[in-house]
Amino acid sequence: MSQINRSVISIPSNIAEGAGRNTPKEFNNFLGIAQGSSFELDTQLVISNR
């Protein structure tokens with residue numbers, strides 16, 4: 001599986017996992033991870049477009 005595919009799957013997966021946590025702090029942590037994956041995906045798409 002390509003790194004792009006892993007990033008695409010990681011974003012909603014981290015949001016879903018965070019939504020299942022018990023505290024807003026834990027949820028926010030997973031949102032941060034998802035955001036990092038979205039930046040990673042953006043970078044990969046820019047590179048692949050060159």
Side-chain angles (χ1 to χ4, degrees):
M1 185 182 315
S2 76
Q3 187 64 33
I4 290 173
N5 288 342
R6 283 191 288 274
S7 293
V8 167
I9 292 168
S10 175
I11 296 166
S13 296
N14 277 299
I15 293 169
E17 185 174 353
R21 297 298 174 141
N22 294 323
T23 66
K25 183 178 180 181
E26 288 178 300
F27 181 47
N28 285 337
N29 183 50
F30 280 91
L31 289 178
I33 294 167
Q35 184 179 34
S37 293
S38 72
F39 289 132
E40 181 180 356
L41 174 61
D42 184 54
T43 301
Q44 293 163 356
L45 292 173
V46 167
I47 292 169
S48 71
N49 200 26
R50 291 184 179 173

Hydrophobic cluster membership, I15 vs I9, 4.5 Å side-chain cutoff: no
Non-hydrogen atoms of F27 and R21 that approach each other most closely: N-CB, 4.5 Å
Run the side-chain donor-acceptor check on residues 31-41: report pairs under 3.5 Å with partners two or more places apart or on a different chain.
residue: S37; atom: OG; partner: S10; partner atom: OG; Å: 3.1
residue: S37; atom: OG; partner: I33; partner atom: O; Å: 3.4
residue: S38; atom: OG; partner: Q35; partner atom: O; Å: 2.6
residue: E40; atom: OE2; partner: Q3; partner atom: NE2; Å: 2.7
residue: E40; atom: OE2; partner: Q44; partner atom: NE2; Å: 3.2

How long is the span from the CD1 atom in I4 to the OG1 atom in T43, to the nearest 0.5 Å? 10.5 Å
